[in-house]
Amino acid sequence: MIDLRSDTVTRPSKEMLEAMFSAQVGDDVFGDDPTVNALEEKAAGMLGKEAALFCPSGTMTNQVAINIHTRPGDEVICHKYAHIYYYEGGAIMRNSGVSVCLLEGDRGLIKAADIESHINPDDIHRPVTSLVEVENSMNKGGGSCYEYQSLVEIARVCNNHQLKCHLDGARLFNVLVETGESPKEYAKLFDSVSICLSKGLGAPIGSLLLGSKAFVKRARRVRKAFGGAMRQAGYLAAAGIYALDHNIQRLKQDNDRARCLGKLLSSLPYIENVLPVETNIVIFNLTNKITEKDFLGKLKDHDIHALPLGPQSVRFVTHLDFTDEMLANVEKALKKIGK
Ligand SMILES: *Cc1c(COP(=O)(O)O)cnc(C)c1O
């Protein structure tokens, strides 16, 4: 089976499993798990933040951050396709009682000027704008990336208006292996950062929330209240440490393979357009010659699996378990479908 549905489908390698089996563990709710503590310290060091918190999912790290940065009745500014809003089950409202101000923006990217013009005035009629959220890379934008300078400008607007700023960096390392920039340069622009271990990094479970010591202390309490405090989680944290040690640089291969797919797709007669491929996500639209349902059915006949994103729209995501051999097979199948 060739699985292009998501980079979450990876299975832990033998080496990662060995690291998990041999982990030292303790009860992390008591702060006693040395492997969880080691993962949190390692990640904080890599991103240049004071502290980190290991959570079961990226939804939880994002939503814990939102809960801390806002009060009920406040408003968060983000793109209309932001994962925190579009793909997290209404959690912003459900868990934090916060409304959203949804911005437009090319391929999911929002701009400092647009953010600034949507900050509510100090007027009792209006919700209090307290948080700005950006996603990098942007999932629904086809793995699109922010120019570093535009993030600097967003951080400046937040600073000028005393707004908190959260980065959903589920796939931040897919961005960094392309640009050669350091995680610290990005993390310093934000009050909090979420990164996923269970995407391209190949761990079975887990995300990290990073910020100041005071922020992470509060996050620990909110994680508990959200039901995310885990006991001998060191077995999972060991996979995270392994992922950070071994699986970052190789994300470049995922990005390169995605670019190959994008290039081929652009040349096929039944493809209307392909969003620019910047990282490991390829989003494309089909011409009216074939529906996304028929297209995905034909791929399935070759045991290739992908997800529809909407009418005539399909997403491929490359990852650790998607090899060059699989890439060649997908390319063969795509060419056949056109015939
Ligand atoms: C996957 C993802 C998350 C977190 O998802 P979980 O499945 O809850 O771990 C957050 N943001 C983005 C952009 C994602 O792609």
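All ligand and atom numbering here is 1-based and tracks the order in the structure.
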For Met60 and ligand 1, answer yes if some heavy atom of the residue is under 4.0 Å from a ligand atom, otherwise no.
no
Within a radius of less than 6.0 Å around CD of Glu325, do more than 12 heavy atoms belonging to other residues, nucleotides or ligands occur?
no
Heteroatom proximity flag, Glu88 to ligand 1, N/O under 3.5 Å
no
Salt-bridge contact Asp301-Lys336 (side-chain N to carboxylate O under 4.0 Å):
no
Per-residue contact class, Ser57 against ligand 1 - non-hydrogen pairs under 4.0 Å
both
May I ask you to check if ligand 1 and Thr59 share an N or O to N or O distance below 3.5 Å?
yes
Please classify the Asn62 to ligand 1 contact at 4.0 Å (heavy-atom distances, strictly less than): side chain, backbone, both or neither.
side chain
For atom 13 (C) of ligand 1, what's the nearest protein heavy-atom neighbour? Residue, atom name and distance, please.
Glu135 OE2, 3.1 Å
Could you tell me if Thr35 and Gln24 have a donor-acceptor pair between their side chains, going purely by distance under 3.5 Å?
no
Is the contact between Lys199 and ligand 1 made by the side chain, the backbone, both, or neither, using heavy atoms and a 4.0 Å cut-off?
side chain
Between Met138 and Tyr81, is any pair of side-chain heavy atoms under 4.5 Å apart?
yes
Would you say Leu268 and Val330 are hydrophobically clustered, going by side-chain heavy atoms of ILVMFWY under 4.5 Å?
yes
Pick whichever of Gly58, Ser6, Pro56 has a heavy atom sitting closest to atom 6 (P) of ligand 1.
Gly58
Are Asp256 and Lys252 close enough for a salt bridge, meaning some N to O gap below 4.0 Å?
yes
Report, as yes or no, whether the 6.0 Å neighbourhood of atom CZ on Arg94 holds more than 12 heavy atoms from other residues, nucleotides or ligands.
no
Lys/Arg N to Asp/Glu carboxylate O, Glu331 vs Lys335, below 4.0 Å
no
Purely on distance, is any nitrogen or oxygen of Arg171 under 3.5 Å from one on ligand 1?
yes
So for Asp168 against ligand 1, with non-hydrogen atoms under 4.0 Å, the contacting part is side chain
Flag: protein heavy atom within less than 4.0 Å of atom 8 (O) of ligand 1:
yes
